[in-house]
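Since the model is a prediction, treat every value here as computed from it, not as a measurement.
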Amino acid sequence: MISFKDDNPVKENERVCKCISFLFPDCFKLSICPKSRKLVVPLQCSLNMLEGDTGCSVWPSSLFLSELILSYPHIFSGKSCFEVGSGVGLVGICLAHVKASKVILSDGDLSTLANMKLNLEKNRLNTETNLPEPSIENQNVVKCIHLPWESASEKELQNFMPEIILGADVIYDPSCLPHLVKVLAILLNKKKSYIENREGSIPNSFPGDSKVNDAHDLDASSFHAQRINTSEVKGIINNAVDLVSRADPVAYIASVIRNADTFDRFLALADQADLRIKDLTSTLRPFDLLPYMKSYDRSSIRLFTVT
């Protein structure tokens with residue numbers, strides 16, 4: 001961690017450069033693994049976790065999603081990916097590393113967006129900001145957009161039509177949840193408008209699932225922390241594609257449930273919007289690529305899919 005010297009007297013706005021080193025185990029044989037068996041991601045971030053409406057700090061769920069992407073690159077490689085609330089840009093950098101066909105990062109805070117763009121450049125990624133939707137042939141190009149959830153329009157969101165939506169620690173503010181659910185519903189529904197979908201539609205289901213957990217089946221107290229070692233993950237990775245592969249868009253949401261009422265409110269709003277939520281925490285678990293990071297409690301993070 002390197003501190004930046006500046007003339008800003010406000011200590012809360014102090015920025016540091018953190019180098020996140022993902023360490024790949026010997027059993028990891030996929031092509032994305034560097035010869036050094038280490039992927040180092042430099043990030044400029046804030047010591048104040050709430051600066052930029054939480055966006056300028058490295059949060060646990062963004063570390064978890066990054067591990068997930070690097071552990072299961074075949075899920076994200078060649079896919080169009082859109083992240084809501086992208087923060088420092090760590091998830092987007094990992095998506096570019098596994099060669100997602102398109103990476104679109106969004107945030108509602110302009111200072112966070114500027115910091116994110118700087119981080120992408122630090123990691124040798126070219127950025128495009130608030131430009132018309134391009135055909136991204138160069139996988140080193142990442143598109144950054146300013147997207148406040150409360151003002152996002154259906155027409156604006158339907159221009160993106162991603163295959164995979166990602167979100168890390170986005171379930172934290174009850175007042176933002178209706179807007180977040182609206183954004184997810186529009187991005188996930190490629191066949192009908194959000195308004196038409198709310199008037200009546202058949203919910204999507206996972207292939208092979210006769211019954212999918214919905215918001216009525218889930219509550220914050222029902223999730224139990226589980227950990228897995230490298231050898232166990234090795235057995236899961238072979239059928240990961242069968243587990244999550246689907247024709248329709250899917251969202252992966254990683255979250256620490258800090259407030260049960262807030263999480264239950266999210267579930268209720270998702271149910272009203274005909275979204276189906278499934279807990280994959282115990283099924284799709286990433287490699288522990290950050291074994292040295294003792295303050296990072298992976299067991300507290302839940303992984304959900306939203307369809």
Go through the structure and list residues passing side-chain contact (heavy atoms from CB on, under 4.5 Å) with [X], not counting sequence neighbours.
| X | value |
| --- | --- |
| S295 | M293 |
| P148 | H146, E150, S151 |
| L118 | Q44, K122 |

Query raised in the report: Pick one: which of I32, L95, L90 meets side-chain contact (heavy atoms from CB on, under 4.5 Å) with I69?
Result: L95
Query raised in the report: Looking just at side-chain N and O atoms, do T281 and R302 make a donor-acceptor pair shorter than 3.5 Å?
Result: yes
Query - Short side-chain donor-acceptor distance under 3.5 Å, E67 and Y296 - result: yes
So does [Y] get a backbone contact from the side chain of [X], meaning a donor-acceptor N/O pair under 3.5 Å?
| X | Y | answer |
| --- | --- | --- |
| N259 | D261 | yes |
| N119 | G89 | no |
| R298 | F64 | no |
| S106 | I145 | no |

Tell me, do [X] and [Y] make a side-chain contact under 4.5 Å, heavy atoms counted?
| X | Y | result |
| --- | --- | --- |
| I253 | L303 | no |
| P249 | I164 | no |
| T307 | K278 | no |
| L157 | L147 | yes |
| F76 | L68 | yes |
| L166 | F82 | no |
| R265 | T262 | no |

Query raised in the report: Between E154 and K182, does a salt bridge (charged side-chain N to carboxylate O under 4.0 Å, His left out) hold up when you go through it step by step?
Result: CA-CA 9 Å; E154 183 169 359; K182 181 191 76 170; over 6 Å; no
What distance do [X] atom [atom1] and [Y] atom [atom2] have between them, rounded to the nearest 0.5 Å?
| X | Y | atom1 | atom2 | result |
| --- | --- | --- | --- | --- |
| S86 | D109 | OG | CG | 12.0 Å |
| N115 | L110 | CG | CG | 12.5 Å |
| L120 | I93 | CG | CD1 | 5.5 Å |
| N126 | E121 | CG | CD | 8.5 Å |
| T305 | R276 | OG1 | CZ | 12.5 Å |
| I301 | S255 | CD1 | OG | 9.0 Å |

Query raised in the report: Are Y292 and F287 in one and the same hydrophobic cluster, where Ile, Leu, Val, Met, Phe, Trp and Tyr link if side-chain heavy atoms are under 4.5 Å apart?
Result: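 Hydrophobic grouping puts Y292 with F287.
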Give the minimum heavy-atom separation between [X] and [Y], together with the two atoms involved.
| X | Y | result |
| --- | --- | --- |
| P162 | L187 | CD-CD2, 4.0 Å |
| V58 | S62 | CG1-OG, 4.1 Å |
| V306 | I277 | CG2-CG1, 4.3 Å |
| A100 | K79 | CB-O, 3.5 Å |
| H97 | L70 | CD2-CD2, 3.7 Å |
| S101 | G78 | OG-O, 3.3 Å |

Requested in this report: Report the C-alpha distance between L289 and S71 in whole Å, list the side-chain angles of each, state the deciding distance to 0.1 Å, and finish with yes or no for side chain to side chain contact (heavy atoms under 4.5 Å, CB included).
Outcome: CA-CA 8 Å; L289 303 181; S71 296; 4.2 Å; yes
Query raised in the report: Run the side chain to side chain contact (heavy atoms under 4.5 Å, CB included) check on W149 and V170 step by step: do they pass?
Result: CA-CA 11 Å; W149 298 339; V170 290; 3.8 Å; yes
Query raised in the report: Who are the side chain to side chain donor-acceptor pair (under 3.5 Å) partners of S153, not counting sequence neighbours?
Result: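 S153 satisfies side chain to side chain donor-acceptor pair (under 3.5 Å) with no other residue.
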Query raised in the report: Quick one: side chain to side chain donor-acceptor pair (under 3.5 Å) partners of R258, sequence neighbours excluded?
Result: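 Residues passing side chain to side chain donor-acceptor pair (under 3.5 Å) with R258: D169.
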**Report entry** Verdict with reasoning, M116 to D107, per side chain to side chain contact (heavy atoms under 4.5 Å, CB included)
**Finding:** CA-CA 9 Å; M116 181 202 312; D107 207 280; 4.0 Å; yes
Query raised in the report: Between F263, F266, Y252, which is the residue that forms a ring-ring contact (aromatic ring centres under 6.0 Å, His included) with F304?
Result: F263
Query raised in the report: Residues two or more places apart in sequence or in another chain: which of them pass salt bridge (charged side-chain N to carboxylate O under 4.0 Å, His left out) with E163?
Result: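 For E163 there are no salt bridge (charged side-chain N to carboxylate O under 4.0 Å, His left out) partners, ignoring immediate neighbours.
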Report task. Let me see the working for C94 and F22 under side chain to side chain contact (heavy atoms under 4.5 Å, CB included), right down to the final yes or no. Result -> CA-CA 10 Å; C94 292; F22 295 96; 4.2 Å; yes
